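One structure below.
Here the structure is a predicted model, which means the values were calculated and not measured.
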Amino acid sequence: MTAVLFDFSGTLFRVESTESWLRGALTEAGIEMPEPELTETAQALQMAGALPGGGDPERLPSEVAEVWDVRDQSAELHRAAYTGLSRQVPLPDPELHDALYERHMLPAAWSPYPDAAEVLHTLSERGIPVGVVSNIGWDLRPVFREHGLDPYIDVYVLSYEHGIRKPDPRLFAKACAKLGVEPRDALMVGDDRRADGGAATLGCGVHFVDHLPVALRPDGLRPVLDLVG
C-alpha cells in the first residue's frame, strides 16, 4: 500500500459526549438547566441520535426518515436530518435545536484519538499521501487545522461536496484519483464496516478500527503503520 484514506468521525476524531454538547450549547445561550433535567435531556438526545457522530437513533421518526439515507449528500439534508432528530426532544428554547447543530461543527467539539498525530506524522515522513474520505454535511477542514493535523492531509473528499456517500465506490475513486494512486495501492481505514468497506469493491485494502471513546482507544491507529510503505 502506498497511500492511506482515513474516515473522520470514530476513526481519526471523536465528537464530545452528548451531555457536554448540550451543556456547551446551554452555556452559550445563557440558559440554566437543573442538573437532573440536563442529564435526562442529554440521555433523550442520545437516544434520539441527535448528535452527529454520537450514535444512530433508536427510532427514526417519519418526518426524518425520508432524508435519513441521503443526509450526507448535501449540507441542507444533513442539517434537516439532525435538527429533525433533535426536535423530538423538548428544549427550553426552540432556537437551541439549531444552536446544538452549530455547536457540533466547532473544532472544540472534536478530539483527535491519542495516536492520530503520531500516525499521520509518520506517514508524512515516509512520503505516503493521505486522504480523508467522510460521509458528512459540513466542512471538517477547520477541525483538522485547529488540532494541528491539516498539514498531514493531502486531500479531503467529503460526501456533501460531491453528492455521493460511502459505500458508493465513486467517492473512494475520487480520493484515489486526487492522490494519484490506483485503488489497489490504497488502504482505507475506518470504523464502519458497511460504509468504509465499500472501498474494497474498488480493490482498496481495508482496515477497521473500533469506534470507542478517545480515552479507551489510545493506540488503535498504530497498526496502520505496519500495513503501508
- Neighbour count >12 (heavy atoms, 6.0 Å) for atom CE, Met47: no
- Glu161/Arg141 ion pair, N-O < 4.0 Å: yes
- Message: Any non-hydrogen side-chain atom of Leu120 less than 4.5 Å from a side-chain atom of Ile153?
- Response: yes
- Task: Please answer whether the main-chain N or O of Val130 pairs with a side-chain N or O of Asp154 as donor and acceptor at a distance below 3.5 Å.
- Result: yes
- Message: I need the Arg14 CZ to Leu212 CG distance, nearest 0.5 Å.
- Response: 7.5 Å
- Query: Just by distance, do the side chain of Arg217 and the backbone of Thr11 share a donor-acceptor pair under 3.5 Å?
  - Reply: yes
- State, to 0.1 Å, how close Leu149 and Pro112 come at their nearest heavy-atom pair, and which atoms those are. CD1-CB, 4.1 Å
- Item | Candidates Leu5, Val133, Leu202 - the one meeting side chain to side chain contact (heavy atoms under 4.5 Å, CB included) with Leu171 | Val133
- Message: Using the rule that Ile, Leu, Val, Met, Phe, Trp and Tyr join whenever any side-chain heavy atoms are under 4.5 Å apart, tell me whether Val224 and Val181 fall into a single cluster.
- Response: no
- Side chains of Phe6 and Leu123: does their closest heavy-atom pair fall under 4.5 Å? yes
- Item | Closest non-hydrogen atom pair between Pro218 and Pro114, with its separation | O-CB, 3.7 Å
- Message: Could you go through Leu85 and Leu60, starting from their C-alpha distance and side-chain angles, then the distance that decides it, and tell me whether this counts as side chain to side chain contact (heavy atoms under 4.5 Å, CB included)?
- Response: CA-CA 8 Å; Leu85 293 174; Leu60 199 59; 4.2 Å; yes
- State, yes or no, whether a side-chain contact exists between Asp93 and Ile31 at a heavy-atom distance under 4.5 Å. yes
- Query: Are Met105 and Leu51 connected, step by step, through hydrophobic side chains (Ile, Leu, Val, Met, Phe, Trp, Tyr) whose heavy atoms are closer than 4.5 Å?
  - Reply: yes
- Could you state whether Phe8 and Leu106 fall into the same hydrophobic cluster, counting links through intermediate Ile, Leu, Val, Met, Phe, Trp or Tyr residues with side-chain heavy atoms under 4.5 angstrom apart? no
- Query: Under 4.0 Å between a Lys/Arg side-chain N and an Asp/Glu carboxylate O for Asp196 and Lys166?
  - Reply: yes
- Go through the steps for Trp110 and Ser9 under the test side chain to side chain contact (heavy atoms under 4.5 Å, CB included), then give the verdict. CA-CA 9 Å; Trp110 296 87; Ser9 176; 3.6 Å; yes
- Message: Against Tyr82, only a single residue in Trp68, Tyr101, Trp21, Trp138 fulfils ring pair (Phe, Tyr, Trp, His ring centres under 6.0 Å); can you say which?
- Response: Trp68
- Task: May I ask you to test the His97-Gln88 pair for a side-chain heavy-atom distance under 4.5 Å?
- Result: no
- Message: Using 30° and 60° as the class boundaries, would you call the ring planes of Phe144 and Phe13 parallel, tilted or perpendicular?
- Response: perpendicular
- Item | Residues Arg23 and Thr27: side-chain donor-acceptor under 3.5 angstrom | no
- Item | Leu45 CG to Leu96 CG distance, which is reported to the nearest 0.5 Å | 10.0 Å
- Message: For the backbone of Leu100 and the side chain of Glu28, can you confirm whether one donor and one acceptor N or O come within less than 3.5 Å of each other?
- Response: no
- Show the numbers, then the answer: is there a side chain to side chain contact (heavy atoms under 4.5 Å, CB included) between Arg126 and Leu225? CA-CA 10 Å; Arg126 293 182 185 177; Leu225 299 176; 3.9 Å; yes
- Task: Please name the pair of heavy atoms, one in Leu91 and one in Ser86, separated by the smallest distance, quoted to 0.1 Å.
- Result: CD1-OG, 4.3 Å
- Message: What I'd like to find out is whether the side chain of Leu77 reaches to under 4.5 Å of the side chain of Tyr160, using heavy atoms alone.
- Response: no
- Query: Where do Asp98 and Arg87 land on the side chain to side chain contact (heavy atoms under 4.5 Å, CB included) test, with the steps shown first?
  - Reply: CA-CA 10 Å; Asp98 284 312; Arg87 288 189 173 94; 3.5 Å; yes
- Task: Over 60° means perpendicular and under 30° means parallel, so classify the ring planes of His104 and His78, tilted if in between.
- Result: parallel
- Message: Atom CD of residue position Glu95 - does it have more than 12 heavy atoms of other residues, nucleotides or ligands inside 6.0 Å?
- Response: no
- Listed once per pair and sorted, the salt bridge (Lys or Arg N to Asp or Glu O under 4.0 Å) pairs that draw on residues 47-72, sequence neighbours left out: Asp72-Arg165
- Hey, quick one: are Leu227 and Leu12 part of the same hydrophobic cluster, counting side-chain heavy atoms closer than 4.5 Å, chains of contacts allowed? yes
- Message: With clusters defined by side-chain heavy atoms of hydrophobic residues (ILVMFWY) lying less than 4.5 Å apart, directly or transitively, does Leu187 cluster with Val157?
- Response: no
- Which residues satisfy the ring-ring contact (aromatic ring centres under 6.0 Å, His included) test with His121, sequence neighbours excluded? Tyr152
- Nearest heavy atoms of Ile164 and Lys174, plus distance in Å: CD1-CE, 3.7 Å
- Query: If you round to the nearest 0.5 Å, how far is CG of Asp7 from CE of Met188?
  - Reply: 5.0 Å
- Message: Can you give me the closest heavy-atom contact between Ala199 and Val206, atom names plus distance?
- Response: CB-CG2, 4.3 Å
- Spatial distance of atom CG (Leu26) from atom CG (Leu22) [nearest 0.5 Å]: 4.5 Å
- Task: Output the distance between atom OG (Ser111) and atom CD (Glu16), rounded to the nearest 0.5 Å.
- Result: 8.0 Å
- Query: Has the side chain of Asp219 got a donor or acceptor atom that lies under 3.5 Å from a matching backbone atom of Asp115?
  - Reply: no
- Residues that Glu118 engages under salt bridge (Lys or Arg N to Asp or Glu O under 4.0 Å), provided they are two or more places apart: Arg222
- Note on the structure: The reported gap from CG in Leu221 to OH in Tyr113 (rounded to nearest 0.5 angstrom) is 8.5 Å
- Task: Please say whether more than 12 non-hydrogen atoms of neighbouring residues, nucleotides or ligands are located less than 6.0 Å from CD in Glu35.
- Result: yes
- Note on the structure: Residues Gly220 and His207: closest non-hydrogen pair is O-NE2, 4.5 Å
